[in-house]
There are 2 protein chains.
Amino acid sequence: MKRLGQEDKETLTTALDHSGQRATPQRETVFGVLLDQRDHPTADEVYARTKSRMPTISMATVYNCLETLVSSGLVKQVNIEREPTRYCPNLAPHAHFHCRETGRVYDVPVPAGTMEKLTDVLPGKYQADSVELVFRGHLAKGNSK
Amino acid sequence: MKRLGQEDKETLTTALDHSGQRATPQRETVFGVLLDQRDHPTADEVYARTKSRMPTISMATVYNCLETLVSSGLVKQVNIEREPTRYCPNLAPHAHFHCRETGRVYDVPVPAGTMEKLTDVLPGKYQADSVELVFRGHLAKGNSK
DNA sequence: AATTTGACTTAGAATTATTCTAATTCATCT
DNA sequence: AGATGAATTAGAATAATTCTAAGTCAAATT
């Protein structure tokens, strides 16, 4: 059974503590699942993966843990087109690419400052604290991995 | 009971015809509702507004009409954070601003070419056919209208 | 060390936006 | 007028998520 590395565990504990919440085995395991495979899994997928490491965990707990991780700032929710919410531990500003064919979501790194720069198009009355950029399309042939 | 203007009716008929569908009173009324108040209503809201003009219409028909309008290219769906889908007859490329306080969604016009330019950040293997840009935050004081 | 406290976990029920089903209505074509 | 197929309708079904209420557990207090 895969465990969380020392550094990640530290990160988790600190962030949870900072938001007045405890590190628990369930939360550690769910966080580990997200870190191990950064393919934007849905809650269902997180549940399946977590269950294989901790067979007694329940769906409700997975939702609770994910919510806890999001509220502590360690994980971001990615919503695309009313599909089930996906979860992403990539905290650096980045865009997403959604493949219409496979339904997969990819992180797209963006040059530093690009996301912030986008707020320039906003008239002054709009005070944005977050920017979301999503591309949709398909992968060039031979890049389906 | 408000009716659709000649020009809008023409637009509707042409677009529907072009996608092999018929213009019907229900579709005209739903389209009129969207054109009259461009505040990104949800299906529920469209239903309520349409019902006041055409009391016999059903929710299923509203969903069907909205889907028809979307498929014919006259209307776009706007999805924000797993909230109910909103509908928007603004076909020009634009961004959205989502107010955390009121939940309202505003169109943000962007300079010509801006949206297309964004695809420059995409590595070559990603072929985007649409770009979505959403800001989230709050309105500066005194701009709550 | 036992007790209390409150946070956490759990199973299952409830919610809700949306889609589906099957039956009718309606317009157009012969 | 009758046939054909599209459009509309009411209500059932679906599915992701949230809620509820009961049980568990760890830390704090006695």
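Lettering follows sequence order; numbering is per chain, from 1.
Across all strands, B:Thr24 comes closer than 4.0 Å only to sugar-phosphate atoms, never to a base (heavy-atom distances). In this structure, B:Thr68 reaches neither bases nor backbone, as no heavy-atom distance under 4.0 Å exists between it and the strands shown.
Shortest non-hydrogen contact noted between A:Val105 and A:His98 is CG2-CD2, 3.8 Å.
A donor-acceptor pair is defined here as one N or O able to donate and one able to accept, closer than 3.5 Å; such a pair exists between the side chain of A:Gln127 and the backbone of A:Gly124. For the pair B:Arg27 (side chain) and B:Arg22 (backbone), a donor-acceptor distance under 3.5 Å is present. Side-chain atoms of A:Arg86 never come within 3.5 Å of backbone atoms of A:Thr42 as a donor-acceptor pair (strictly under, hydrogens ignored).
As rounded to whole Å, 18 Å separates atom P of D:dA26 from atom CD of A:Gln21. Atom CG in A:Asp17 sits about 13 Å away from atom C1' in D:dA27, given to the nearest Å. Rounded to an integer number of Å, the gap from A:Leu16 CG to C:dA7 P is 15 Å. Rounded to an integer number of Å, the gap from A:Gln26 CD to D:dG23 P is 18 Å. Atom P of nucleotide D:dT9 and atom NZ of B:Lys51 are separated by 9 Å, given to the nearest angstrom. Taking atom OH of residue B:Tyr47 and atom P of nucleotide D:dT9, one finds them 9 Å apart after rounding to whole Å. Atom-to-atom, CG of A:Leu66 to P of D:dA16 comes out at 15 Å; the value is rounded to the nearest Å. Atom CD of A:Glu28 is separated from atom C1' of C:dT9 by 15 Å (rounded to the nearest Å).
If you check the side chains of B:His138 and B:Arg100, you find no donor sitting under 3.5 Å from an acceptor.
Using a cut-off of 4.0 Å between Lys/Arg side-chain N and Asp/Glu carboxylate O, B:Asp36 and B:Arg49 are scored as not salt-bridged.
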Per-nucleotide protein contact string for nucleotides 18-30 of chain C, where B marks a base within reach and S marks sugar-phosphate only (heavy atoms under 4.0 Å, - for neither): BB-----------
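Between B:Phe97 and B:Tyr106, the angle of the ring planes lies from 30° to 60°, which puts this pair in the tilted group.
Five base pairs at each end of the helix from C:dA1-D:dT30 to C:dT30-D:dA1 define two local axes, and these are offset by 10° (rounded to 10°).
More than 12 heavy atoms of other residues, nucleotides or ligands shown are found within 6.0 angstrom of NZ on A:Lys76.
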Listed pairs under 3.5 Å, donor-acceptor, residues 59-67 of chain A side chains, sequence neighbours left out:
unit_1  : atom_1 : unit_2  : atom_2 : d
A:Thr61 : OG1    : A:Ser58 : OG     : 3.0
A:Asn64 : ND2    : A:Ala60 : O      : 3.3

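Under 4.0 angstrom from either OP1 or OP2 of D:dT9 there lies at least one side-chain N or O belonging to B:Ser58.
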